[in-house]
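Right, one structure below, let's go through it.
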Amino acid sequence: MLEWLIPAASTSADEIDWLFTLIFWTVGFWFLVAQGILFGFIVKFRRRPGVRSQYIAGESKDEKRWISWPHYVVIACDVVLIAGAIAVWRDVKQVIPTPDETIRVIAQQWAWTFVHPGPDRRLDTPDDVVTVNELHVRNDTTYAFELSSLDVVHSFSIPVFRLKQDAVPGRVITGWFRPTKTGTFDIACAEMCGLGHALMPAVLHIESPEAHAAWLGDRTTVAAATSGSRS
Amino acid sequence: MSPLRFGVPTAAACAVVLAVAGGDATPAAAGDLSRGAAHYRLCAACHGDQGAGDPSRGAPAIAGLPPWYVEAQLKKFRAGQRGYTPGDDTGLQMRPMASALRTDEDVAGVAAYVASLPPTPHPATVTGDAARGQGLFAPCSACHGPDGRGNEALKGPQLAGQADWYLLAQLGKFKSGARGAHKDDATGAQMRAMASTLVDEQAMLDVVAYVRTLAPAGNAK
Ligand SMILES: [Cu+2]
């Protein structure tokens, strides 16, 4: 349902959207029922000539059940929602599947640096590709990310992944995602990090394996051509 | 939304709106000082109210720099020709700030305002052999002038009066390619070639120590 507003482009996004939909319809249903009863009673017990209002103490059983029965239903619904939330939290945040590739994400005031593992799909090798404000990933590939910050707290936010993770100075925080849709999407900082906070957007490119290989090919040529002049 | 969250950016945004709504549609060829002053409030956060710089933030002194140079650098930042390299932390900080200037008139205004600020002297923070540096400065003087006061025709900014730590950092960036390596940055490429003549850290320290002995020309033109 959230997809009407923003595409879902990862496996986690599908799960989170499922949870969102579950909560929306459960809460929405009872909201409408409660409002219906409220307005129904307003009409039913409106002021009429010759009818005196009654004082209800709410002590007899047939009065109290108007409170207790809905209460039991709400608790039952809560159990369902919490069970769903725990299951999604576990999949999204707690269990990191074995990644096909690991990328490094470094936040700073006010830019994102991404270290891609390059054609050999391993970090810390000479073919790593480092970019600023531009993340390239293969579709249908499980990625782990190692998130760190050079200065203050930032938050690595990819709305189409429904991913948002704080980057905390001094810590390396690991997370994961698996893209499910090719395209170009936004990456934002979701934690106020100083003057340029609003000016640190980055771009996520989810590419087919062929397009990703082509991009990597271009990058490695450039790196090879310029590495000689670096001291 | 706390006031902190949107304080300064909002002020900057208001300044933009006011500048646009103010209807001063005539392009400020020489740079509109009042428009520049309004935009400068964003710059002041790091470079200081008077453009004196702040070494703890890696922000250089910019007061009194020639307007053509400030304008050229801001345009490089906005175009991603400067401050785009991984590892160039201060450049990466400056690029988004420059992008907050939406139009060429804004850039020209800020450049004019920066140029109008009175330069301030800087304490020595690095040590080098100025006498040896004088010899090493010979190639630099071709563009920056024998007195280090710059030469607009050759796009060489004034070096005299700049803080030594900043000059050193920039020489390092030119050498490593963190600055001046973009394919469209012609003057950066020139500077990269020249910086490569300073073979080691000591040579950079010496030339910076020499530049420190040069007297600035006041507000450069
Ligand atoms: Cu941030």
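In what follows, every chain begins at residue 1, and chains take the letters A, B, ... in the order their sequences are listed.
Between D100(A) and R121(A), no side-chain nitrogen of the basic residue sits less than 4.0 Å from a carboxylate oxygen of the acidic one, so the salt-bridge criterion is not met.
Heavy atoms of L150(A) lying under 4.5 Å from chain B belong exclusively to its side chain. Using a 4.5 Å cut-off between heavy atoms, Q109(A) touches chain B through backbone and side chain atoms alike. With a 4.5 Å cut-off on non-hydrogen atoms, D151(A) does not touch chain B at all.
Of all the listed residues (V130(A), T113(A), T131(A)), the one sharing the greatest number of non-hydrogen pairs under 4.5 Å with chain B is V130(A).
Annotation: side-chain hydrogen bond (donor to acceptor under 3.5 Å, both in side chains) contacts of D186(A) (sequence neighbours excluded): none.
Considering only heavy atoms from C-beta on, W30(A) comes within 4.5 Å of V73(A) through its side chain.
Counting only distance, with no hydrogens or angles, the side chain of T180(A) and the backbone of S10(A) share a donor-acceptor pair below 3.5 Å.
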